[in-house]
Structures are given as structure tokens and as C-alpha cells.
Amino acid sequence: MKELTISVIKADIGGYVGHSASHPALIQRAQEALQGAKDRGTLVDFHVSYCGDDLNLIMTHRLGTDNAEIHQLAWDTFEACTEVARSLHLYGAGQDLLSDAFSGNVRGMGPGVAEMTFVERPSEPVVIFMADKTAAGAWNMPLYRMFVDPFNTAGLVISPSLHDGFNIEVYDVKSAKAIVFNCPAEVYDLLALIGATARYVVKAVYTKKGEIAAVSSTERLSLIAGKYVGKDDPVCIVRSQNQFPAIGEILEPFTMPHVVEGCMRGSFFAPLMPVPLRFAQTSRFDGPPRVVALGFQIADGHLVGPRDLFDDPGFDQARQQCNALMDHLRRHGPFEPHRLPMDEMEYTTLPQVLEKLQGRWVDMK
Ligand code: 13P
Ligand code: 13P
Ligand code: MG
Ligand code: MG
């Protein structure tokens with residue numbers, strides 16, 4: 001049985017206008033580059049998409065995860081798109097390409113990466129989530145709800161194929177360590193960590209038999225660059241149906257617009273708004289942060305789709321709640337808890353402002 005790999009590799013290589021959206025010329029350039037790779041037989045199939053100013057390369061192939069040829073293809077594609085972005089003077093051209101020296105793997109170089117390898121089922125529905133104006137920990141709560149919470153996922157209770165639960169892999173992105181929790185038995189240990197989204201990030205979910213169910217991009221740009229260069233704007237791949245949650249169970253967590261870090265200058269907490277692609281552009285205050293869900297059926301490695309899954313009035317209420325919450329948070333202006341706490345602000349431009357005050361501090365009376 002031939003294994004298939006889905007690689008979703010994304011980068012912000014220039015915004016139109018400002019950081020708000022992607023220019024069609026970049027998408028077209030990326031499509032040309034990936035079509036070339038498909039014609040050469042490197043890719044089985046591809047789909048180029050975007051969320052806000054982030055360009056998302058969705059690729060299927062037979063080369064496995066962390067493959068040098070695929071990563072090179074993604075890097076070269078981003079570089080080619082950066083040239084187009086430069087020619088149009090787009091904002092932040094090449095923003096997420098943090099190094100000139102590509103060495104066979106895009107991890108740690110700026111782009112976000114989510115990849116999984118599996119044997120394709122007779123029917124293989126997958127959902128690709130793409131976000132803008134937020135950080136890698138944004139998937140923690142939704143992934144928890146999809147795979148661990150029986151109030152969200154009916155199948156955990158009533159379907160024999162989900163009843164065993166799932167194993168959840170968590171990364172500590174500050175110390176570069178990984179840990180796996182057997183759920184539901186270890187749900188409290190899991191929550192002890194993943195509630196702290198800036199440090200602990202759900203990397204992957206597996207069935208108890210070891211089959212991959214979901215994988216996310218965990219790259220934190222600020223930790224890679226050591227300074228603020230933009231937000232992670234992460235992606236996540238989730239397999240659906242049968243031994244995995246149904247499509248509706250995978251989307252249900254987004255009816256509660258949970259609060260994530262990101263928004264204007266990557267420095268604020270704001271609610272994550274589930275939107276169809278046509279609304280995946282933040283004009284207001286670089287927020288509320290956006291999430292798009294593209295659904296595909298995979299057929300012999302080919303991507304049938306996408307269906308724009310949040311293009312559903314069923315999410316109108318969540319969008320309204322987002323706007324109400326955003327209005328309330330915005331009225332806090334530069335105050336916490338709208339603004340991030342100081343340890344997270346270290347990775348923004350605020351330290352440069354505080355430096356100027358250095359000489360003016362005197363001892364308290
Ligand atoms: P399965 O067909 O994957 O068992 O799921 C049922 C379902 O999709 C309910 O929405
Ligand atoms: P991006 O990470 O989407 O480029 O956003 C950067 C920013 O500062 C938005 O205000
Ligand atoms: Mg940008
Ligand atoms: Mg972005």
C-alpha cells in the first residue's frame with residue numbers, strides 16, 4: 001500500500017495592502033511553480049491558497065515528511081513569489097524568509113510546516129485550517145475540543161470507532177521538548193500544559209493504534225528570529241470521518257470564538273473569527289484574527305476540492321460574537337488584558353521604546 005504525504009507549507013512573503021491580504025499575482029506565481037513540480041512528477045497534486053497575507057502551499061506527494069526536495073520546492077516557490085512581491089512593492093516582501101542560506105529543510109527558517117503521511121482510506125476527507133494574525137498555540141483549544149471533549153465530539157461517546165480516545169503530542173516550544181498524553185486518561189495533565197498557549201503547543205494527534213489524525217505547524221517566528229517579524233499564522237491538517245471526528249465535529253469548536261494572541265502588531269489578544277476565504281482579510285485593527293477551513297476529499301492522492309467550510313450561516317453567530325467581543329476588547333486600548341503581558345511583549349517592538357526610558361529611572365521613595 002502506497003503511502004501519501006500531505007505537506008502544507010506557508011509563509012508571509014508580502015502583504016496587499018499593508019498586512020491585510022494576498023495579491024493575486026503571488027498566488028498565480030505559486031501555482032505556476034507547483035504546476036511545474038506536478039508536471040515533473042514531484043507532486044501528485046497541489047492547491048495554492050491564502051489566509052490574509054499568508055500564502056499556503058497545500059501539496060500531496062509520495063516522498064514522506066521532511067523531504068528535502070519538497071522543502072526546496074516550497075522555499076524556491078516562496079523566493080519566486082518574493083520577487084513578484086518586490087516588483088509590486090508589496091508590504092513586507094519576503095517577510096517570513098528569515099535566512100538566505102537554505103539547507104534542505106524549511107523548519108526553523110521562517111515558514112510554517114504541517115505534514116502527515118498515511119495510507120489513503122477508500123474515502124479520505126481532510127480539513128486544512130489556515131489562520132492569519134495569530135500564533136501557533138491558536139489550535140490548542142480547538143484540537144482539544146475535537147479529539148478529547150465529548151461535549152463537542154459526539155463520536156467520542158457514541159461511536160465505537162472513536163470511543164478509545166486519542167494520543168495528543170505536545171511541544172514545549174521554549175525548551176524544544178515533546179511529550180505525549182494518553183487521552184482521556186491524562187486529560188488533566190494535558191490541560192495543565194496546553195492552557196498556556198504561548199509555550200505549549202499541540203503538535204499532533206494520533207489514534208490509539210498510532211495512526212495520524214491531525215498535525216499543526218508549531219513554528220514560533222519570534223523564537224526563531226529572537227525578535228518580532230510578524231505572527232506565526234499557523235496551519236493545521238485534520239483527517240475526518242470513521243476513526244476520526246466527523247466534519248461537523250471538527251468545525252464545531254470554532255462556534256466559540258476563543259481568544260488568541262495576535263491582532264495588531266502581534267501584540268494583542270482578540271477572538272478568532274471563522275470565515276470563508278472571501279473574508280480572510282483583516283482590514284480592521286489587523287483583527288479579529290481569521291481562520292479558514294478548506295475541506296478536500298483525497299482521491300488517489302489528488303485533492304478534490306476545496307469546499308470553503310466556514311461559508312455557512314451556521315457560523316454567523318460566532319462571527320457576531322467575535323465582533324462584539326472585539327469591540328469590548330478594543331476599548332481597553334493599550335491596557336492588558338487586550339495587550340499581551342510583558343513577557344510576550346518582549347518579542348514585539350515595545351522593548352525599543354522602553355530602552356529610551358532607561359536613564360530616567362530613580363529609586364522609589
Ligand atoms: P461516519 O460516517 O464517519 O461514521 O460519521 C457519521 C457522520 O458523519 C455524522 O455527521
Ligand atoms: P502578519 O504576521 O500577518 O504579517 O502581521 C504582522 C502585523 O504586525 C500585523 O499587525
Ligand atoms: Mg505580513
Ligand atoms: Mg499574516
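These numbers were taken from a predicted model, which means no experiment stands behind them.
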>> Once side-chain hydrogen bond (donor to acceptor under 3.5 Å, both in side chains) is applied, what residue pairs with a partner in residues 80-89 remain, sequence neighbours excluded?
In response: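 Found none.
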>> Could you measure the distance from the CZ atom of Arg145 to the CZ atom of Phe151? Nearest 0.5 Å is fine.
In response: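 It is 11.0 Å, given to the nearest 0.5 Å.
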Taking [Y]'s backbone N and O only, do any of them form a donor-acceptor pair with [X]'s side chain (distance below 3.5 Å, no angle check)?
| X | Y | answer |
| --- | --- | --- |
| Thr60 | Asp45 | yes |
| Asn182 | Ala185 | no |
| Trp139 | Val202 | no |
| Ser217 | Gly112 | no |

Please tell me whether [X] and [Y] have a donor and an acceptor in their side chains that are separated by less than 3.5 angstrom.
| X | Y | result |
| --- | --- | --- |
| Asn152 | Glu252 | no |
| His61 | Ser7 | yes |
| Glu124 | Gln297 | no |
| His71 | Glu115 | yes |
| Asp316 | Gln320 | no |

> Taking atom NZ of Lys208 as the centre, does the number of heavy atoms from other residues, nucleotides or ligands within less than 6.0 Å exceed 12?
Replying inline: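 Atom NZ in Lys208 is crowded, with more than 12 foreign heavy atoms closer than 6.0 Å.
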>> More than 12 heavy atoms of other residues, nucleotides or ligands under 6.0 Å from NE2 of His302: yes or no?
In response: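 Correct, the count exceeds 12.
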>> Would Asp308 and Arg278 count as a salt bridge (charged side-chain N to carboxylate O under 4.0 Å, His left out) here? Give the steps.
In response: CA-CA 10 Å; Asp308 193 354; Arg278 66 183 177 281; 5.1 Å; no
> When Glu344 is tested against each of Arg265, Arg199, Lys174 for salt bridge (charged side-chain N to carboxylate O under 4.0 Å, His left out), which residue passes?
Replying inline: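 So the option named by the test is Lys174.
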> Just one of Lys133, Lys10, Lys231 clears the salt bridge (charged side-chain N to carboxylate O under 4.0 Å, His left out) bar with Asp54, so which one?
Replying inline: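 Among the candidates, only Lys10 passes.
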>> Assess the residue pair Phe254 and Phe310 against the criterion (ring pair (Phe, Tyr, Trp, His ring centres under 6.0 Å)); give the C-alpha distance rounded to whole Å, side-chain angles, the decisive distance to 0.1 Å, and a yes or no.
In response: CA-CA 9 Å; Phe254 297 93; Phe310 288 138; 5.4 Å; yes
>> Taking the basic N atoms (NZ, or NE/NH1/NH2) and the acidic carboxylate oxygens, is any pair closer than 4.0 Å for Glu261 and Arg220?
In response: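 Salt bridge present between Glu261 and Arg220.
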> Should side-chain heavy atoms under 4.5 Å link Ile, Leu, Val, Met, Phe, Trp and Tyr, which residues sit in the same cluster as Leu223?
Replying inline: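 Listed partners: Tyr171, Val173, Val201, Tyr347.
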> What closest approach, in Å, do Ile194 and Asn140 show between heavy atoms, and which atom pair accounts for it?
Replying inline: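 Heavy-atom minimum between the residues: O-ND2, 3.0 Å.
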>> Given the ring of Phe285, does Arg330 sit roughly above its face, with NZ or CZ under 6.0 Å from the centre of the six-membered ring and within 45° of the axis?
In response: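 Geometry flag: set, cation within 6.0 Å and 45°.
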> Which of parallel (below 30°), tilted (30 to 60°) and perpendicular (above 60°) describes His19 and Tyr91?
Replying inline: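 Answer is perpendicular, since the angle exceeds 60°.
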